[in-house]
Amino acid sequence: MLKIHFSGEDILRTRVAPAADPVWELILSLHVLRGRTRDPLTANWRRSVARDLRQDSASEQLRLLFALNPPRGYFPDFLTPYASVEGFEAGLDALRRTPTELLHRDLSVLAAENQLPSSAAALARGEVSALHHLAESMEQYRSLAISPYWSRIQAAVAADRTRRARALLDGGVEGLLTSLRPAMRWESGVLEVRSYPHSRELHLDGRGLLLVPSFFCAATPVALLDPALPPVLVYPVDRLGALVSADASAASGAAPESLAALLGRTRAAVLQATDEGCTTGEVARQLNISPAAASQHATVLRNAGLLVSHRERNSVLHTLTPLGRAMLDA
């Protein structure tokens, strides 16, 4: 179990990352790609990426990147610098500037349980060429495995942020932390991650906590091993359906038959109302319809794959899926 201890100052400084973190998604996707879990929502993605890696003869060039990210267990903290909250390029710039002592320490921990290729030695010595090669490998892998799917990843994270924003408005930061159940439990100033693989206690010491919603995070939230680094907790989001590339979505042609039920001005207005997230009651008030009618329209939209609904205490929050977003934009 991981126990994260908050002071009053920590609560004030806790926040949710502004968008999907491209470096965290890249690193965690490597674990999904090579792991044993057979999640049907990522099955097509796994097959497609594995095929592209073989066709592009990229596996050898990415050998070090794969070795640094075993399917299970520890992976180096330096691969996910805090600066990645500002974007992919900011994250890679920070990675290229990783101090040698941190490289050596993290790789020593990794090598204790994993066999590393010879190129890891140069990286552990902080050789500039090795750091640049690693960054280039991440860019190459990203172009194959992340960029074609980025809009879907962003949409899932944006939907989760809408849920957390509503929880924050309703209950403050403590309401936000409570909303992270069932993966985590907030009680008496401590956030507990019960399924964490190791017993750890993390004291934030006034630094606050950056919560990073992640598409590729598995069922268990992830924290950095080094307690001296800026505190980050990455947690899984609802994936909102299978992961397909933007090109595949565009090539799929006509909408499924279930979308025929969407014809009509009222349902289009319901779809518009949920653009930024909306409860059933709020939809009813905005459109001047009964709560029962709002719920019925939301159900049709949800069954057609355009909305996802989450119950929060006595209300149901509706947010757009990637398909719903595409239809609204169109």
Side-chain angles (χ1 to χ4, degrees), residues 15-20 41 149-184 186 211-215 235-244 246 249-250 252 254-330:
R15 63 192 182 106
V16 179
L41 298 182
Y149 308 89
W150 189 239
S151 62
R152 289 295 184 104
I153 294 168
Q154 285 180 307
V157 170
D160 185 86
R161 277 178 47 82
T162 298
R163 291 181 63 194
R164 306 311 163 196
R166 182 60 61 109
L168 180 65
L169 287 172
D170 290 346
V173 176
E174 292 196 340
L176 165 64
L177 295 171
T178 300
S179 76
L180 296 171
R181 64 186 188 280
M184 292 169 268
W186 168 256
L211 293 163
V212 180
S214 169
F215 184 95
Y235 67 90
V237 303
D238 187 328
R239 290 173 173 164
L240 307 184
L243 186 61
V244 296
S249 297
S252 63
E257 292 181 4
S258 57
L259 296 183
L262 297 179
L263 296 176
R265 186 171 298 177
T266 301
R267 284 184 186 142
V270 173
L271 195 67
Q272 179 69 52
T274 57
D275 185 15
E276 298 296 332
C278 214
T279 66
T280 304
E282 289 167 344
V283 170
R285 287 191 291 273
Q286 284 188 37
L287 304 185
N288 196 28
I289 59 178
S290 70
S295 178
Q296 181 182 22
H297 289 307
T299 298
V300 174
L301 291 165
R302 183 171 61 251
N303 291 341
L306 304 184
L307 294 183
V308 62
S309 303
H310 295 280
R311 176 167 293 280
E312 298 290 345
R313 293 190 294 275
N314 296 324
S315 63
V316 178
L317 178 66
H318 309 288
T319 53
L320 295 176
T321 65
L323 178 59
R325 168 65 59 191
M327 288 198 67
L328 189 62
D329 290 344

What's the shortest heavy-atom distance between [X] and [Y], and which atoms?
X	Y	value
Ala159	Thr319	CB-OG1, 3.7 Å
Pro213	Asp160	CB-OD2, 3.6 Å
Phe215	Arg239	O-NE, 2.9 Å
Cys278	Leu317	N-CD1, 3.5 Å

Side chain to side chain contact (heavy atoms under 4.5 Å, CB included) evaluation trace for Leu320 with Leu307: CA-CA 5 Å; Leu320 295 176; Leu307 294 183; 3.7 Å; yes
Salt bridge (Lys or Arg N to Asp or Glu O under 4.0 Å) involving Glu174 - partner list, sequence neighbours excluded: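 Per chain and number, Glu174 pairs via salt bridge (Lys or Arg N to Asp or Glu O under 4.0 Å) with no residue.
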To the nearest 0.5 Å, how far apart are [atom1] in [X] and [atom2] in [Y]?
X	Y	atom1	atom2	result
Asp238	Ser309	CG	OG	10.5 Å
Leu271	Leu306	CG	CG	6.0 Å
Thr280	Arg285	OG1	CZ	10.0 Å

Side chain to side chain contact (heavy atoms under 4.5 Å, CB included) evaluation trace for His297 with Val283: CA-CA 10 Å; His297 289 307; Val283 170; over 6 Å; no
Thr274/Leu301 under side chain to side chain contact (heavy atoms under 4.5 Å, CB included): CA gap, chis, key distance, verdict: CA-CA 11 Å; Thr274 57; Leu301 291 165; 6.0 Å; no
Sidechain N-carboxylate O distance under 4.0 Å for Arg166, Asp170: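 Between Asp170 and Arg166 there is no salt bridge, as every charged N stays at least 4.0 Å from the carboxylate O atoms.
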Sole candidate of Val237, Val16, Leu211 that passes side-chain contact (heavy atoms from CB on, under 4.5 Å) when paired with Arg161: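 Result: among Val237, Val16, Leu211, Val16 is the only option passing the side-chain contact (heavy atoms from CB on, under 4.5 Å) with Arg161.
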Polar side-chain atom of Ser295 near backbone of Pro291 as donor-acceptor pair, under 3.5 Å: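 Pair absent, no side-chain N/O of Ser295 close to backbone of Pro291.
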N/O donor-acceptor pair under 3.5 Å between Arg164 side chain and Arg15 backbone: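 Such a contact is absent between Arg164 side chain and Arg15 backbone.
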